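Note sheet for the following structure.
Computed from a prediction, not measured in an experiment: that's the story for all the values here. Any value given below was found using the heavy atoms of this structure, including those in side chains, with hydrogens, waters and symmetry copies removed. Throughout, a chain's letter reflects where its sequence line sits, starting with A, and its residues are numbered from 1.
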Number of protein chains: 2
Amino acid sequence: MKQDILGKLEELGYRVTPQRAMIVAAINHSDDHISAEEIYAQVRAKYPHVNISTVYRTLETLKEIGLVTETDMGEGRVRYHPAGKGHHHHLVCQECGATIDLDETVLSNLKDALRREYGFLADLRHLAIFGHCVKCKQ
Amino acid sequence: MKQDILGKLEELGYRVTPQRAMIVAAINHSDDHISAEEIYAQVRAKYPHVNISTVYRTLETLKEIGLVTETDMGEGRVRYHPAGKGHHHHLVCQECGATIDLDETVLSNLKDALRREYGFLADLRHLAIFGHCVKCKQ
DNA sequence: GCGGTTAATGCAAGTATTTGCAAATGCTAA
DNA sequence: TTAGCATTTGCAAATACTTGCATTAACCGC
Ligand SMILES: [Zn+2]
Ligand SMILES: [Zn+2]
Ligand SMILES: [Zn+2]
Ligand SMILES: [Zn+2]
């Protein structure tokens with residue numbers, strides 16, 4: 001049982017168009033933090049007719065279904081990660097840009113507390129937390 | 001010792017221009033979650049000549065100094081809060097849009113853990129955490 | 001008060017993303 | 001097959017910022 005995004009789409013009644021297939025392929029073959037523009041470039045190479053708004057709309061759909069996560073890592077553009085490849089988080093230094101990768105368990109306590117105390121099911125699958133790293137703490 | 005943003009700017013060697021004074025006034029007199037466009041509208045009413053890029057640049061400066069916090073509450077535009085008025089967070093339901101306000105202490109444990117284990121000083125002064133509220137949990 | 005220096009501003013163009021709408025196309029049922 | 005219909009797409013325009021650059025104006029020292 002692999003993380004078959006296309007299969008899941010079909011199963012849920014979404015149409016599997018060539019555009020969607022290519023967008024999903026680009027996400028699957030990426031290094032896991034791919035931007036809309038990068039997806040667009042890859043898809044366009046095979047099928048120059050596609051429009052970038054289709055890329056954004058497909059990403060929106062995949063987010064809603066929970067198949068990809070969207071994370072703002074402070075670059076002025078957002079990056080996408082296939083949810084099936086596992087969860088983790090990032091600490092991002094606002095001074096030097098350094099990042100530290102975190103295991104998803106770092107936010108487990110918070111997630112549990114929010115569910116227990118507020119009945120809120122927080123989406124903490126792929127977060128960027130901003131601040132200052134050891135080197136840049138004044 | 002009030003949260004005198006203008007005084008702090010001056011003290012740090014920034015020039016106190018009429019534009020900055022009006023932008024700061026708009027932030028101080030807001031309900032604490034004001035957008036750039038709303039600040040712009042208020043400032044413009046007094047001084048039609050100002051440009052919105054000045055508003056954005058001033059907000060950027062105030063963020064850097066730590067005098068305001070910037071938070072994406074999922075509205076497609078970001079909101080600003082005077083840091084001197086105290087910290088808190090929001091849970092935002094991605095389904096119905098409902099929000100739950102949280103005391104800043106909810107993230108204290110996380111903040112401490114990040115500092116202790118990674119030497120990372122996280123800026124957790126005004127966060128929006130997305131997810132699903134009790135009503136919308138399926 | 002009065003220039004000089006340099007930070008801050010206005011303006012226009014650029015980037016990332018979203019949206020309305022009409023045309024195209026996948027899927028269903030006949 | 002093929003018509004019917006809803007979904008998806010392309011396109012163009014809109015939105016929320018951001019940035020480069022020339023001009024303006026705080027603020028410092030005289
Ligand atoms: Zn990541
Ligand atoms: Zn750093
Ligand atoms: Zn708030
Ligand atoms: Zn809800």
Item checked: base_contact_polar (C:dG20 base, A:Arg57 side chain, donor-acceptor, <3.5 Å) -> yes
Check: Do the side-chain N and O atoms of B:His90 and B:Asp101 include a donor-acceptor pair separated by under 3.5 angstrom?
Finding: yes
Next item on the list: Mind checking A:Arg77 for me? I need base, sugar-phosphate or nothing, with any heavy atom below 4.0 Å counting as a touch.
Entry: sugar-phosphate
Check: Would you call B:Glu11-B:Lys8 a salt bridge at under 4.0 Å N-O?
Finding: yes
Next item on the list: Please determine if B:Arg79 and B:Glu38 form a salt bridge, counting it only when a charged side-chain N lies under 4.0 Å from a carboxylate O.
Entry: yes
Notebook entry, point to check: Are B:Thr61 and B:Arg57 close enough that a side-chain donor and a side-chain acceptor fall under 3.5 Å?
Noted result: no
Next item on the list: Using the closest heavy atom to pick a nucleotide of DNA chain D for each, name whichever of B:Val16 or A:Thr17 lands nearer the 5' end.
Entry: A:Thr17
Margin query: The side chain of B:Ser53 is closest to which nucleotide in this list: D:dC11, C:dT18, C:dG10?
Written below: C:dG10
Next item on the list: Specify the separation, in whole Å, of atom CZ of B:Arg44 and atom C1' of C:dT9.
Entry: 15 Å
Notebook entry, point to check: Just how far, in rounded Å, is P of C:dA8 from CG of B:Leu59?
Noted result: 15 Å
Margin query: Please report the distance, rounded to the nearest Å, between CD in A:Glu10 and P in C:dC27.
Written below: 7 Å
Check: When you look at B:Tyr14 and B:Ile65, which way does the side chain to side chain contact (heavy atoms under 4.5 Å, CB included) test go after all the steps?
Finding: CA-CA 11 Å; B:Tyr14 291 88; B:Ile65 306 175; 3.5 Å; yes
Next item on the list: In whole angstrom, give the distance that lies between atom CD1 of B:Ile65 and atom P of C:dA7.
Entry: 14 Å
Next item on the list: Could you check B:His49 against A:Glu60 and say which one's nearest nucleotide on DNA chain C is further toward the 5' end?
Entry: B:His49
Next item on the list: Please evaluate the base of C:dG26 for a donor-acceptor partner in the side chain of A:Arg20 within a cut-off of under 3.5 Å?
Entry: no
Next item on the list: Select one nucleotide: of D:dT8, C:dG10, C:dT17, the one nearest the side-chain heavy atoms of A:Tyr14.
Entry: D:dT8
Note to self: I want to confirm an ordering. Mapping B:Glu37 and A:Gly13 to their closest nucleotides on DNA chain D, which one lands closer to the 5' end?
What the structure shows: A:Gly13
Next item on the list: Calculate the interatomic distance between B:Lys63 atom NZ and D:dC17 atom P; express it in whole Å.
Entry: 10 Å
Item checked: Whole angstrom value for the distance that separates P of D:dC11 from OH of A:Tyr56 -> 17 Å
Margin query: Any N or O donor-acceptor pair under 3.5 Å from the base of D:dT7 to the side chain of A:Arg15?
Written below: yes
Check: Quick one: A:Glu64 CD to D:dT8 P, roughly how many Å, whole number?
Finding: 11 Å
